[in-house]
Amino acid sequence: KGLCDTWALLRDKLRNASDSTIDSILLELHNHLLYAGELRDVYRCEVEQAKQMWFKVGRLERGCVSFDSAVMLKMPIFDEETQSGYHAHRLGLDVNLFGIVNEGEEKQHNVIYYEGYKHGSKHVCPMLDYYLDKFQPRAGKSKTLVLFSDLCCGQNRNNIVLGFHIRRVEMGINDSIEWNFMAVGHTKFAPDRGFGCIQSKEKVTHCFDGEELLSMISNSATSNVGAL
């Protein structure tokens, strides 16, 4: 429980390994953990650097932004006590949740959009563009924009999103963009912290429309902001 797929696979191999293969499996496991640890250290270093730079006057040298999608919410939302005796909520409206974090300010904007729109690249790019232009223009116009996301091909790691980043540099909005991916199975980072606060608040809240949902998200934590 709580292990990444690679770790679980190697653990199962170890259980059935012969004496001649144990060393190679342990080495593979060691290298995997080193790789995940190195990527995590890069993330922590960039976050700390972004926090220090955020309070400096003038254009940011480096802005750091993380983004991810959460599990869909189901509207209407009832607290746990009411929900236990009410099963029709499963037939409600699906609501997608996309979180974008300015690591320097430690503020997460959570964009909600309704069923029929998936977490595809053609939706990720407009949300990122709007966020960087309207909600966090100081981070969005930093000289070097540092981005963190997971490795999902359909949503993030594809030519459409890559072209979006290249276009921002060509237009002179940023001098350069550094796009980092979290290791597979080790993708817990800032957006997940905000999602966790929302899930906790969801268990003690009633929401019947988008306005109440945005209010619930904004009240789930001081770092969370609801956005439509």
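Each residue takes its place number in the sequence, starting with 1. Note that the structure is predicted; figures quoted are calculated from it, not measured.
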What is the minimum heavy-atom distance between Leu128 and Phe164, and which atoms define it? CB-CE2, 4.0 Å
Ser69 OG to Asn96 CG distance, which is reported to the nearest 0.5 Å: 7.5 Å
Within the 4.5 Å heavy-atom criterion, are Asp150 and Asp68 side-chain neighbours or not? yes
Within a strict 4.5 Å, meaning less than it, do heavy atoms of the Ile112 and Leu213 side chains meet? yes
Identify whether Met182 and Val146 are in the same connected component of the hydrophobic contact network (ILVMFWY, side-chain heavy atoms under 4.5 Å). yes
Considering all heavy atoms, the nearest Leu145-Ala139 contact: CD1-O, 3.6 Å
Pairwise side-chain contact, Asn219 with Lys201, heavy-atom cut-off 4.5 Å (strictly under): yes
Heavy-atom count around Arg193 CZ within 6.0 Å, excluding the residue itself: above 12? no
Criterion salt bridge (charged side-chain N to carboxylate O under 4.0 Å, His left out) against Arg168, the qualifying member of Asp175, Asp129, Asp133: Asp129
Compute both the distance and the angle, then confirm whether Arg62 meets the cation-pi test with Trp54: under 6.0 Å from the six-membered ring centre, within 45 degrees of the axis. no
Do Tyr113 and Leu97 have side-chain heavy atoms sitting under 4.5 Å apart? no
Report the distance from atom CD1 of Ile166 to atom CD of Glu170, rounding to the nearest 0.5 Å. 7.0 Å
Looking only at heavy atoms, what is the nearest atom pair of Tyr35 and Ala183, with distance? CE2-CB, 4.0 Å
Please round to the nearest 0.5 Å and tell me the distance separating atom CD1 of Ile198 and atom OG1 of Thr205. 11.0 Å
Walk me through whether Phe135 and Tyr130 qualify under ring-ring contact (aromatic ring centres under 6.0 Å, His included). CA-CA 7 Å; Phe135 292 131; Tyr130 191 79; 5.5 Å; yes
Just to verify, which of Gln108, Gln136, His109, Lys107 counts as forming a side chain to side chain donor-acceptor pair (under 3.5 Å) with Asn102? Gln136
Would you name the heavy atoms of Ala17 and Ile25 that are closest together and state the gap between them? CB-CD1, 3.7 Å
If you define the side chain from C-beta out and look only at heavy atoms, does anything of Leu9 sit under 4.5 Å from Thr6? no
For the residue pair Thr187 and Leu151, establish whether any side-chain heavy-atom pair is separated by less than 4.5 Å. no
Test His30 against every option in Leu26, Leu34, Leu33 by the side chain to side chain contact (heavy atoms under 4.5 Å, CB included) rule and name the one that passes. Leu34
Are Glu103 and Lys51 within salt-bridge range, i.e. N to O under 4.0 Å? no
Surrounding CG of Asp41 (heavy atoms of other residues, nucleotides or ligands, distance under 6.0 Å), is the total greater than 12? yes
Aromatic ring pairing Phe208/His206, orientation class (parallel under 30°, perpendicular over 60°, tilted between): perpendicular
Do Leu132 and Phe67 sit in one hydrophobic cluster, given that two such residues count as connected whenever their side-chain heavy atoms are within less than 4.5 Å of each other, even indirectly? yes
For the residue pair Thr222 and Asn224, establish whether any side-chain heavy-atom pair is separated by less than 4.5 Å. no
If you measure from CD on Glu202 to SG on Cys207, what distance do you get to the nearest 0.5 Å? 8.0 Å
Below 6.0 angstrom between ring centroids: does that apply to Phe189 and Phe148? no
Donor-acceptor side-chain pairing of Glu61 and Ser142 below 3.5 angstrom: no
Can you name the nearest heavy-atom pair linking Arg59 to Ile173, along with the distance? NH2-O, 3.2 Å
Flag the pair Pro191 / Phe98 as yes when at least one side-chain heavy-atom distance between them is below 4.5 Å, and no otherwise. no
Test side-chain contact (heavy atoms from CB on, under 4.5 Å) on Asn110 and Phe195; report intermediate values, then the result. CA-CA 9 Å; Asn110 300 276; Phe195 296 150; 3.6 Å; yes
Say you draw a straight line from CD of Glu28 to CG of Leu14; how long is it, rounded to the nearest 0.5 Å? 9.5 Å
Closest contact, heavy atoms only, Gly140 versus Asn174: O-ND2, 2.8 Å
